[in-house]
Amino acid sequence: MSRPVRVRFAPSPTGDLHVGNIRTALYDWAYARHTGGKFVFRIEDTDRERVTDEYINAAIDTLKWLGLQWDEGPEVGGPSAPYLQSQRLDIYADWAAKFLAAGDAYHCYCNPEELEASREAQKKANIAPGYDGKCRAISADDLTRYQSEGRKPVVRMRMPDGSTTFYDAIRGDVTFDHNFVPDFVLVRGDGSPLYTLAVAVDDVMMQITHVLRGEDLLSSTPRQIRVYQAMAVKPEDYPIFAHLPFVMGQDNAKLSKRNGEVSIAWYRERGFLPEAICNYLALLGWSPGDDKENISMQEMTELFTIERVGKNPARFDMKKLEAINGDKIRALPVEEVIKRALPFMESAGIALTGEQAEALFARAIPLIHERIVTLAEIPDYVRFLFTEKFAIDPEAKEKALTADSLPILAAAEVAISAITEWKLEAIETALRSALIEGLALKPKNAFTPVRVAVTGARVSPPLFESIELLGKERTLERLKAAQTG
RNA sequence: GGCCCCGUCGUCUAGCGGCCCAGGACUCUGGCUUCUCAAGCCAGCUACGAGGGUUCGAAUCCCUUCGGGGCUACCA
């Protein structure tokens, strides 16, 4: 019990890391940091049909982006290297051989068709489906026959009678009767290991003390424990399991591409902050106990305990994520917003070339800092300041630039051109006196046409500030252009 | 079907026998503020799945039931 804490995040990258994966990684990381233990990152790529290098690299990149720094794993190495299961194949093969030699496992020559037929029969007979143990004691005749047929055997673990009870840190004691845990395959016919073998071996060899993973693996735990037993691991050295509840989509189904986006890369592209994603995900299934919700990465490591993880599945709520993202952006220093906004300006095709453009951008950001929910909204707000070919949004034009607005724009043009000292106060005073007092208009009616003419949209940063940044010359050009249609 | 897990506002949750005719956050509704949009402020709506117990007392303990989910692979 006094073993140093070692937590691992061990995804099988068969696609982009998704929200559920990341929440697990976050909890792993937070728990390791909370306890002063190690955070181990291992790639479970034994299923070479589905795992690709591209996905592995994406997983590494995503974890880095989120700031979940690992102590051991890809790129950083560590005492249990390598951390890619595809590079540890000989280790699994050795253990499988030992299990075979000790009689814990046996060769099974049944082919997929036979297994399928057997399962069908069991279902029909209303018996728990599972391997029937046919090859547990194979006859010499059958053996030679199978071998002459060229069948490649799998290595199958012998599941003894009885039951397995283990303590789950989130759910308490869980018991599985072995009648419902059939003999399972450890090694495929082609010699490659399966998840159940590889995880168990690696968790033991990497001295993992806590296994936090998805609830979908709850029922595979007895099989893993069986492998520990075959490896002669002492029960007190088994890792502590904690099966996290699912993250569900909007319609109560497991989160998938169909209902709400799940890939973290998707959120990144849309201007969500890594700290916002982590904060939101932390709250999805865990709470610090008081009413605190705005939590920094640092606080997470201080407050996170497995005991406070909930046991019921959580629905992913984009609105709440957005609210948190907005809060986090508002809490950022302006310089930081500017820095983080740059890639979004670039991908929006707005070039900020030269010191002048950069300075202008730096002055524009404070105007929209508190109005944005994601970084991706920034380009649309400030585009009017940087575009050579200025164009008014057609819909805004139709709604706000009518015949009625012509006198307003004309008056605004006169007022603006009369300004001698280009200052915010002067702009505001000039426009208010010309339009509100001069034309006796309501502020909203007066400023909307001007806003559309100058910024090209009905929603913009504050008008007077926008005009100030745009400059007298360009403002007048646009006011003129809007009158001529 | 079998085995296993889960069940508090629309959503995420607090609550671990009396502090709860249930608190916070997001959403939603109304209002204030206001040059648009936000932000901010105020107010409001809405929940212990159901039925039995145990107890002086239950959201909290037990049972049943209903509902949701997972697993049932030579996937993880």
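The sequence lines fix the lettering, A, B, ..., with proteins before strands; numbering per chain opens at 1.
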Which is true for [X] with a 4.0 Å heavy-atom rule: it touches a base, it touches only sugar-phosphate, or it touches nothing?
| X | answer |
| --- | --- |
| A/Pro112 | base |
| A/Gly289 | sugar-phosphate |
| A/Arg330 | sugar-phosphate |
| A/Phe184 | nothing |
| A/Thr448 | nothing |
| A/Tyr280 | nothing |
| A/Leu217 | base |
| A/Thr14 | nothing |
| A/Gly285 | sugar-phosphate |
| A/Val185 | sugar-phosphate |

Using OP1 and OP2 only, check whether a side-chain N or O of [X] sits under 4.0 Å from [N].
| X | N | answer |
| --- | --- | --- |
| A/Ser287 | B/A14 | yes |
| A/Thr46 | B/A76 | yes |
| A/Lys320 | B/U11 | no |
| A/Asn312 | B/U8 | yes |
| A/Arg458 | B/C37 | no |
| A/Arg50 | B/A76 | no |
| A/Arg213 | B/A76 | no |

Spacing of [X] atom [atom1] relative to [N] atom [atom2], expressed in whole Å:
| X | N | atom1 | atom2 | answer |
| --- | --- | --- | --- | --- |
| A/Phe180 | B/C71 | CZ | C1' | 13 Å |
| A/Phe246 | B/G7 | CZ | C1' | 16 Å |
| A/Asn445 | B/U34 | CG | C1' | 14 Å |

Given that A/Glu465 and A/Asp47 both sit by RNA chain B, which one's nearest nucleotide is further toward the 5' end?
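Looking at RNA chain B, the more 5' nearest nucleotide goes with A/Glu465.
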Judged by each residue's nearest nucleotide on RNA chain B, which is more toward the 5′ side, A/Leu218 or A/Pro462?
A/Leu218
Determine, step by step, whether A/Glu468 and A/Phe464 satisfy the side-chain contact (heavy atoms from CB on, under 4.5 Å) criterion, reporting the C-alpha distance in whole Å, the side-chain angles of both residues, the deciding distance to 0.1 Å, and the verdict.
CA-CA 6 Å; A/Glu468 185 194 12; A/Phe464 311 122; over 6 Å; no
Options [options], nucleotide nearest the side-chain atoms of [X]:
| X | options | result |
| --- | --- | --- |
| A/Arg315 | B/A38, B/C35, B/C12 | B/C12 |
| A/Val174 | B/C35, B/C4, B/U11 | B/C4 |
| A/Glu370 | B/A38, B/C6, B/C35 | B/A38 |
| A/Arg308 | B/A14, B/A76, B/C26 | B/A14 |
| A/Leu115 | B/C3, B/U36, B/C74 | B/C74 |
| A/Glu44 | B/C4, B/G69, B/A76 | B/A76 |

Is it the case that more than 12 heavy atoms not belonging to [X] sit under 6.0 Å from its [atom1] atom?
| X | atom1 | result |
| --- | --- | --- |
| A/Asp90 | CG | yes |
| A/Tyr55 | OH | no |
| A/Glu395 | CD | no |

Does any nucleotide pair with B/C3 by Watson-Crick or G-U wobble geometry, both distances under 3.5 Å, and what is it?
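Because both required distances fall under 3.5 Å, B/C3 counts as paired with B/G70.
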Identity of whatever pairs with B/C28 - Watson-Crick or G-U, under 3.5 angstrom:
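WC or wobble partner is B/G44.
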What interatomic distance, in whole Å, is found between C1' of B/U46 and the corresponding atom of B/U33?
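After rounding to an integer number of Å, I get 27 Å for this pair.
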Rounded P spacing from B/G52 to B/A59 in Å:
14 Å
Can you tell me how far the SG atom of A/Cys135 sits from the CD atom of A/Glu114, to the nearest 0.5 Å?
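Interatomic distance, A/Cys135 SG to A/Glu114 CD, rounded to 0.5 Å: 8.0 Å.
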Verdict with reasoning, A/Leu218 to A/Phe241, per side-chain contact (heavy atoms from CB on, under 4.5 Å)
CA-CA 9 Å; A/Leu218 186 62; A/Phe241 290 92; over 6 Å; no
